[in-house]
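Read the numbers this way: they start at 1 and go in the same order the structure lists the ligands and their atoms.
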Amino acid sequence: MRIGITCYPSVGGSGIIATTLGIELARRGHEVHFISYERPFRLPTDEPRIKFHQVQVNDYGLFKYPDYTLPLSVKMAEVSQEFHLDVLHVHYAVPHATAAILSRCMVPVSLQPRIVTTLHGTDTTLLGNDPGYGPAIHHALSQSNGVTAVSEFLKRETRRVLSFECPMEVIYNFFKPGTPTKSREEMRRELGIRDDEAMILHSSNLRPLKRIDLLLETAARIRPRESFKLVILAGGSFAPFVDEVKRLGIEDRVIVRENVLDIEDYLHAADLGLITSDTESFCMSILEAMFFEVPSVATNVGGIPEVVENGVTGLIVPPGDAAQLTSAVEKLIQDPTLRKSLGKAAKHQAQARFSAEQIIPRYEQLYRSVRAEVVPC
Ligand code: GMT
């Protein structure tokens with residue numbers, strides 16, 4: 001099939017999923033066209049059957065805010081027509097789904113691709129609730145030929161928040177682990193982590209819903225304080241949190257790396273993950289860690305309980321509670337045997353439920369079925 005993919009190209013779960021999906025589809029023989037304002041950061045330049053089409057965004061003086069939706073829709077229409085796309089798969093509804101629906105109207109009927117929209121999280125939970133966006137999202141979903149959500153939680157929320165009643169399939173996220181470039185020992189040495197210190201890994205874009213304040217508060221409460229190092233892989237600037245690290249007196253416990261690409265080097269050096277989010281439709285960081293036998297302590301929010309089985313593949317605690325987060329982390333630090341058994345079960349479940357081998361055929365099947373039918377709900 002000929003498949004167009006639009007996603008946010010920068011660091012972020014939805015962009016990573018979309019990029020990996022495109023790479024995997026191309027490896028399975030499909031022709032894949034990425035359409036975005038920048039080349040997705042994990043998209044290799046030398047993969048056969050993958051092409052990148054850049055959207056040119058102009059900043060016209062007349063506009064107070066530059067517009068992306070219209071040039072994106074024009075580029076989608078051009079690519080659909082020139083390359084005879086079967087399917088245009090957009091990740092994160094805003095503004096990608098709206099642009100896709102508009103682009104379809106610019107293409108002669110016989111060349112119109114089917115449109116699949118994948119909801120990732122805040123496109124429903126945040127923007128869906130915004131009266132300035134909700135109706136546009138509802139319209140774009142209703143006009144899509146297929147809609148997917150990355151967890152049952154997100155599907156439920158989409159029904160509730162947007163009153164969206166058309167069919168919606170849950171296709172979980174997946175991860176395809178790469179090979180680490182450094183050994184575990186080398187990596188820990190480089191980070192300055194001793195053998196008797198547990199390496200706690202937190203990886204996120206640091207937005208407010210990730211609750212970095214709670215993450216740091218938890219780190220400050222862990223006893224003994226010399227028993228761990230917290231490594232934060234920041235998909236954004238950590239500068240706004242530096243004062244808080246100092247105030248809590250944990251400068252010697254916290255190691256920050258910004259915009260890391262070789263995530264596998266950190267994953268296989270880690271002992272446990274720590275996620276303190278207030279909401280999370282899936283949480284890719286937990287899944288990435290699971291593939292490396294690293295169990296996470298995470299908050300009981302959104303789709304996280306669909307990814308982590310409490311007490312079996314990780315530990316889940318109530319949201320917003322630094323005391324409970326701390327005791328769960330201390331439990332894992334002090335009990336390497338428990339860590340190991342949770343980690344092994346985590347990897348097993350990750351491979352069985354969230355591997356590329358499980359998930360890519362689900363998307364291929366969806367593409368085939370929307371290609372076969374014409375009328376959206
Ligand atoms: O919705 C967002 O906040 C952005 C989005 C992203 O692009 O990273 O994150 C969401 O999608 C990820 C990939 O499907 C999920 O792993 C995240 O849980 C989800 N974030 C939220 O729901 C807050």
Side-chain angles (χ1 to χ4, degrees), residues 5-22 36-38 40-43 89-97 116-130 133-134 137 141 147-158 160-162 168-176 202-212 214-215 233-236 259-260 263 273-291 296 298-308 314 316 319-320 350 353-354 356 359-360 362-363:
I5 293 184
T6 287
C7 63
Y8 283 108
S10 53
V11 183
S14 61
I16 291 170
I17 285 290
T19 307
T20 318
L21 173 62
S36 190
Y37 59 85
E38 246 167 40
F41 80 106
R42 283 197 188 171
L43 187 65
H89 186 176
V90 298
H91 290 260
Y92 203 87
V94 181
H96 303 148
V116 171
T117 299
T118 291
L119 294 164
H120 279 273
T122 47
D123 39 5
T124 286
T125 56
L126 182 68
L127 300 175
N129 266 313
D130 182 335
Y133 282 93
I137 300 169
L141 297 183
V147 177
T148 76
V150 300
S151 62
E152 294 289 347
F153 159 79
L154 189 58
K155 179 176 173 175
R156 277 195 308 276
E157 279 302 280
T158 306
R160 189 183 68 78
V161 171
L162 289 163
M168 194 179 353
E169 199 173 328
V170 172
I171 302 184
Y172 283 125
N173 285 332
F174 66 97
F175 181 57
K176 179 106 185 166
H202 174 90
S203 161
S204 81
N205 50 25
L206 311 181
R207 284 180 307 154
L209 61 85
K210 303 288 175 182
R211 294 297 307 274
I212 302 305
L214 191 57
L215 176 80
L233 301 185
N259 300 318
V260 159
I263 183 156
L274 178 55
I275 295 293
T276 47
S277 303
D278 271 345
T279 176
E280 205 68 69
S281 69
F282 184 93
C283 198
M284 279 302 291
S285 316
I286 294 178
L287 180 60
E288 290 169 348
M290 286 168 76
F291 270 94
S296 291
T299 42
N300 188 7
V301 293
I304 287 180
E306 295 172 58
V307 182
V308 179
I316 295 185
R353 301 176 61 212
F354 308 117
I359 301 301
I360 307 293
R362 299 274 315 275
Y363 281 116

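For ligand 1, the atoms sitting less than 4.0 Å from at least one non-hydrogen atom of G121 are 1 (O), 22 (O), numbered in the order shown with element in parentheses. Shown in contact with T279 at under 4.0 Å from a heavy atom are these atoms of ligand 1, numbered in order with element: 23 (C). Taking a cut-off of under 4.0 Å to the non-hydrogen atoms of T122, the atoms of ligand 1 that pass are 1 (O), 2 (C), 3 (O), 4 (C). Near G12, meaning under 4.0 Å from any of its heavy atoms, are these atoms of ligand 1: 8 (O). Here is the list of ligand 1 atoms found below 4.0 Å of a heavy atom in C283: 15 (C), 16 (O), 17 (C), 18 (O). In summary, the atoms of ligand 1 found under 4.0 Å from a heavy atom of S14, numbered by their order in the structure, are 6 (C), 7 (O), 8 (O), 13 (C).
Contact annotation for L209 and ligand 1: only side-chain heavy atoms (C-beta onward) come within less than 4.0 Å of the ligand. Residue contacts with ligand 1 for Y8 are absent, since no atom lies close enough (heavy atoms, distance under 4.0 Å). Within the 4.0 Å heavy-atom criterion, neither part of I16 lies near ligand 1.
Classification of K155 and E169 as a salt-bridged pair fails, no side-chain N sitting under 4.0 Å from a carboxylate O.
For E157, the salt bridge (Lys or Arg N to Asp or Glu O under 4.0 Å) partners are R160, not counting sequence neighbours. In this structure, H202 has no ring pair (Phe, Tyr, Trp, His ring centres under 6.0 Å) partners at least two apart in sequence or on a different chain.
Counting heavy-atom neighbours within 6.0 Å of Y133 OH, excluding the residue itself, gives a total of 12 or less.
At a threshold of 4.5 Å between non-hydrogen side-chain atoms, the residues C283 and V307 do not count as touching. A heavy-atom distance below 4.5 Å is found between the side chains of I360 and L21.
At a 3.5 angstrom cut-off on N or O pairs, N173 counts as close to ligand 1. Here's the thing with I17: none of its N/O atoms is less than 3.5 angstrom from an N/O atom of ligand 1.
Heavy-atom proximity to atom 15 (C) of ligand 1, evaluated over G302, G303, G15, S281, is greatest for S281. Taking all heavy atoms of R207, M284, E280, K210 into account, the minimum distance to atom 3 (O) of ligand 1 is reached by R207.
Annotation for T118 and D123: closest pair O-OD2, 4.1 Å, computed over non-hydrogen atoms.
If you look at F354 and F282, their ring centroids are closer than 6.0 Å.
Atom CG of N173 sits about 8.0 Å away from atom CD1 of I359, to the nearest 0.5 Å.
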